[in-house]
Amino acid sequence: MVIKLPSHPAYDLTTITELALSEDVGDEGDVPCLGTIPDDMEVEAHLLPSWQRRTGSLLELLLQRRYLMKLTVEWSQKDGDYVHKGLKFGKVHGQAHDIVRAERVGLNFMQRMSGIATQTKAMADAAHPALILETRKTAPGLRLVDKWAVLIGGGRNHRMCLFDMVLIKDNIYQLLEVSQMPSNRWTHI
């Protein structure tokens, strides 16, 4: 089952992945790779987890968005499947430079998503039939990635931003008490 990426009104996954890649390789590229690996070398790389977790597919999107015409990605597992150490769950084929440039960033995203999805799955199973909903307490700039991982793990998304759903929290109630303002000021929303 393909689990759809949630949407955000202000940015998308391309923004996140481009920022992550530029943060890692900058304008100079992967200098060790450029100095050691021939420019035209083609390889096939296998994805082998060093952990036991749920899978998440941001790596494929990262590779395809940045180097769309140069790399092909094949999966033997789908989002949310449980993978164990040593299982070949995917492969990437293309120019070695392109794979090496995107590898660490992609794997970092995948590990983060897998950890979130794995923990969410454990909580969702324990809470069944109740539903597990996440909050906005995500890493800055990674909200889409974190919320997607929750979906992969069997949880549900709550609100994406402060403006897409009303949730009156304790800090608002405390401010209302201090200011003694009527709580019906926001009824125009």
Side-chain angles (χ1 to χ4, degrees), residues 1-21 23-24 45-68 71-92 99 102-171:
M1 173 173 69
V2 175
I3 298 171
K4 187 179 173 198
L5 173 72
S7 63
H8 190 283
Y11 68 97
D12 62 12
L13 194 59
T14 300
T15 306
I16 298 167
T17 56
E18 288 295 324
L19 177 62
L21 285 165
E23 179 182 66
D24 205 40
H46 293 269
L47 302 170
L48 298 145
S50 58
W51 67 92
Q52 295 189 44
R53 301 262 170 111
R54 301 273 159 199
T55 58
S57 63
L58 185 62
L59 178 63
E60 178 177 7
L61 291 173
L62 180 82
L63 292 169
Q64 289 182 345
R65 287 181 192 279
R66 183 64 180 246
Y67 307 106
L68 186 59
L71 300 175
T72 58
V73 182
E74 294 177 33
W75 296 102
S76 59
Q77 304 292 310
K78 61 186 182 305
D79 283 344
D81 282 353
Y82 192 76
V83 295
H84 58 81
K85 184 176 181 175
L87 172 72
K88 290 182 185 178
F89 67 96
K91 62 183 174 181
V92 182
I99 293 172
E103 171 193 27
R104 177 46 41 205
V105 172
L107 291 175
N108 285 347
F109 275 126
M110 184 177 281
Q111 286 175 319
R112 178 180 182 82
M113 290 180 71
S114 293
I116 293 168
T118 299
Q119 292 301 311
T120 301
K121 176 68 172 153
M123 288 184 271
D125 287 350
H128 185 76
L131 301 176
I132 297 293
L133 285 91
E134 39 73 353
T135 68
R136 290 182 310 100
K137 294 179 180 90
T138 57
L142 295 178
R143 187 167 295 168
L144 282 177
V145 173
D146 290 353
K147 287 179 171 283
W148 191 13
V150 167
L151 291 174
I152 291 169
R156 302 284 174 93
N157 291 153
H158 187 235
R159 61 185 181 156
M160 183 64 72
C161 315
L162 288 172
F163 52 81
D164 64 351
M165 189 182 295
V166 175
L167 175 64
I168 306 297
K169 296 173 29 177
D170 291 348
N171 58 348

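What you see is a predicted model; the values in this text were computed from it and never measured.
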> Taking everything shown except D170 itself, do over 12 heavy atoms lie less than 6.0 Å from its CG?
Replying inline: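 Atom CG in D170 is not packed in, count stays at 12 or less.
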Quick one: [atom1] on [X] to [atom2] on [Y], what's the gap to the nearest 0.5 Å?
| X | Y | atom1 | atom2 | answer |
| --- | --- | --- | --- | --- |
| L47 | M110 | CG | CE | 6.0 Å |
| H46 | K88 | NE2 | NZ | 4.5 Å |
| H158 | L131 | NE2 | CG | 12.0 Å |
| L133 | R156 | CG | CZ | 7.5 Å |

Is a side-chain N or O of [X] found less than 3.5 angstrom from the main chain of [Y], in a donor-acceptor match?
| X | Y | answer |
| --- | --- | --- |
| S76 | F89 | yes |
| R143 | M160 | yes |
| N157 | K147 | yes |
| K121 | G155 | no |

> So do T72 and V92 actually touch side chain to side chain, heavy atoms under 4.5 Å?
Replying inline: no
> Can you list the steps and then say if I152 with M113 is a side chain to side chain contact (heavy atoms under 4.5 Å, CB included)?
Replying inline: CA-CA 9 Å; I152 291 169; M113 290 180 71; 3.8 Å; yes
>> For N108 and R104, which I'm curious about, is there any donor-acceptor pair between the side chains at under 3.5 Å?
In response: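 Yes, because at least one side-chain N or O of N108 sits under 3.5 Å from a partner of the opposite role on R104.
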Please report the closest heavy-atom contact between [X] and [Y], naming both atoms and the distance.
| X | Y | value |
| --- | --- | --- |
| G153 | A124 | O-CB, 4.4 Å |
| V105 | A20 | CG1-CB, 3.5 Å |
| A102 | L21 | CA-CD2, 3.9 Å |

> Salt bridge check: are D146 and K137 linked by an N-O gap of less than 4.0 Å?
Replying inline: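 So D146 does not pair with K137 through a salt bridge.
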>> Here's a test for you: under side-chain contact (heavy atoms from CB on, under 4.5 Å), which of I132, I116, T135 qualifies with V150?
In response: I116
